[in-house]
Amino acid sequence: MKEGRTLGPSWALAALTGINLFNYLDRTVLSAVLTPIKEELHLTDSRLGTLQVAFMLGYFLTAPFFGYLGDRMSRKGLIVGGIVVWSLGTVLSGWAPNILSLLLFRILVGLGEASYGSISPGWIADLYSPARRNLRISIFYMAIPVGSALGFILGGVMAAHFGWRSAFLWAGAPGLLLALSLFLLQEPVRGASDPAHPVAAKAGDDPQGHPIRLMARTYLQLSAHPDYLLVVAGYVAQTFSMGAFAFWGPTFLTRVHGLGLEQSGRFFGGWLVVTGLAATFLGGAAATALRRRSPAGYAQLLALSAIATVPATLAAFALADRGAAELALVAAMFLIFLPTGPLNTLILETVPFGMRACAMAASIFAIHLLGDFWSPALVGFLSDRLGSLRQAALCTLPAGTAVCALLWAWLAVRQARLPSGFHRL
């Protein structure tokens, strides 16, 4: 069979986006059922925070391996295997008899999702030319708010009516069928849509070298791209705040503002859909328009959104009035999702196309090791020590968004100096 796709780019984008939706559904359903898990398994907030740490261990520790393989092997097989593993991990979470088994199953969910998160964005980048790529990548990442919202809603509804275990069973089972859709697709050639580069380079390859040394050499080569480093550094700071925000958000509304479990899940789920869809699409379209006027267009959108997020997160946790706090939470959600498309496009375009899976994997590793790997547990620890979830959030989350704003503003200044029409490969 000749190199190509059995279905067109739009079909491939739709299939990969649909799978990404369930990726985030399985990831976030846990946050909606923290209260009943705490009650049944007799856990502290600190122990609840370790459940997210377990997921992150499986996710970011394995991402570099999948990224390295994703630039060198068939991407389809790696993705299908990942879907099966994360779906089984989610289903098994519903049968966990204790905290230790639940920690193990959340590690499996993270391991499976690492394959998909590292490899699938590069697949999409190979389907579309640079001028069309950002908006399509924005569409792919619109699955984040929808999947996350469904996780909050499904978890809250199922926990309220059938118990928290049923939420994991219903969230995980469909993923075992989703993998079949990938067999209708054929991978594009790496770099196929990038001008004047018909053959995809495989950075760091040396048939005589040791695999571990080759992988280390490849990831070290990413340090030669300063714009990539700034994108990821800002992403680390944003993820620190966003991870704790998403993990503790429904519990914050329940504990501080008196919303019921199902009501808080519906609030977060409903507004995640509205703000996430609108912000991701509008951010992608606005960044594309800005890029036509300046090579710093993507970075400018990142910087402006991060700057506006600082007061929004501060107000969300500081305001005593429930209505005002909910309005600030909605604003923060919108601003956090606004740069999603151009952020991931920059990760892919600030490195050579033969290193895109590695670039995405290194980003995953960094943002979780230095970001939300420990921020939910830190907020839980501070909540136990201070006796206030509100004070714990105020001590940590606005500072993370401020650091992100500074780093992305620096990136925008750097990219504004590039010649008009410049495109990195």
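None of these values were measured; they are calculated from a predicted model.
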In Å and rounded to the nearest 0.5 Å, what is the [atom1] to [atom2] distance from [X] to [Y]?
| X | Y | atom1 | atom2 | value |
| --- | --- | --- | --- | --- |
| S264 | F252 | OG | CZ | 12.0 Å |
| T17 | L13 | OG1 | CG | 4.0 Å |
| T50 | L102 | OG1 | CG | 8.5 Å |
| L302 | L343 | CG | CG | 5.0 Å |
| L319 | L327 | CG | CG | 9.0 Å |
| M215 | L69 | CE | CG | 8.5 Å |

> Does any donor atom in the side chain of S241 or T401 lie under 3.5 Å from an acceptor atom in the other side chain?
Replying inline: no
> Side-chain donor-acceptor pair under 3.5 Å between T345 and N134, yes or no?
Replying inline: yes
Would you call [X] and [Y] a salt bridge, using N to O less than 4.0 angstrom?
| X | Y | value |
| --- | --- | --- |
| R133 | D126 | no |
| R356 | E349 | no |
| R47 | D384 | no |
| E187 | R75 | yes |

Spell out, as yes or no, whether a donor-acceptor pair under 3.5 Å connects the side chain of [X] to the backbone of [Y].
| X | Y | value |
| --- | --- | --- |
| S101 | N98 | yes |
| S294 | R291 | no |
| S115 | G112 | no |
| T280 | G276 | yes |
| Y116 | L16 | yes |
| K38 | V33 | no |
| R165 | A96 | yes |
| Y228 | A359 | yes |

Would you call [X] and [Y] a side-chain contact if the rule is heavy atoms closer than 4.5 Å?
| X | Y | value |
| --- | --- | --- |
| D45 | R255 | yes |
| W408 | I307 | no |
| S148 | R27 | no |
| P339 | Q238 | yes |
| N20 | F140 | yes |
| V330 | T275 | yes |
| T340 | S138 | no |
| L108 | W86 | no |

>> Does L338 form a side chain to side chain contact (heavy atoms under 4.5 Å, CB included) with F334? I'd like the steps, not just the answer.
In response: CA-CA 6 Å; L338 194 64; F334 181 88; 4.0 Å; yes
>> Which residue is it: L111, I364, I107? I am looking for the one with a side-chain contact (heavy atoms from CB on, under 4.5 Å) to Y59.
In response: I364
> When S363 is tested against each of T239, N344, I347, L348 for side-chain contact (heavy atoms from CB on, under 4.5 Å), which residue passes?
Replying inline: I347
Would you call the rings of [X] and [Y] parallel, tilted or perpendicular if under 30° counts as parallel and over 60° as perpendicular?
| X | Y | result |
| --- | --- | --- |
| F245 | F317 | perpendicular |
| F168 | W164 | perpendicular |
| F60 | F365 | perpendicular |

>> For a salt bridge (charged side-chain N to carboxylate O under 4.0 Å, His left out) check, start with the C-alpha distance between D26 and R106, then their side-chain angles and the critical distance, and finish with the verdict.
In response: CA-CA 10 Å; D26 288 359; R106 296 307 292 176; over 6 Å; no
>> Counting only heavy atoms from other residues, nucleotides and ligands, does the tally under 6.0 Å from OH of Y128 exceed 12?
In response: yes
> Considering residues, nucleotides and ligands other than F267, do more than 12 of their heavy atoms fall under 6.0 Å from its CZ?
Replying inline: yes
> Stepwise, does the side chain to side chain contact (heavy atoms under 4.5 Å, CB included) test hold for I37 with L30?
Replying inline: CA-CA 9 Å; I37 289 176; L30 172 66; 3.7 Å; yes
> Relative to Y68, does R72 satisfy both conditions: NZ or CZ under 6.0 angstrom from the six-membered ring centre, and within 45 degrees of the ring's axis?
Replying inline: yes
> Ring centroid separation for W374 and F240, is it under 6.0 angstrom?
Replying inline: yes
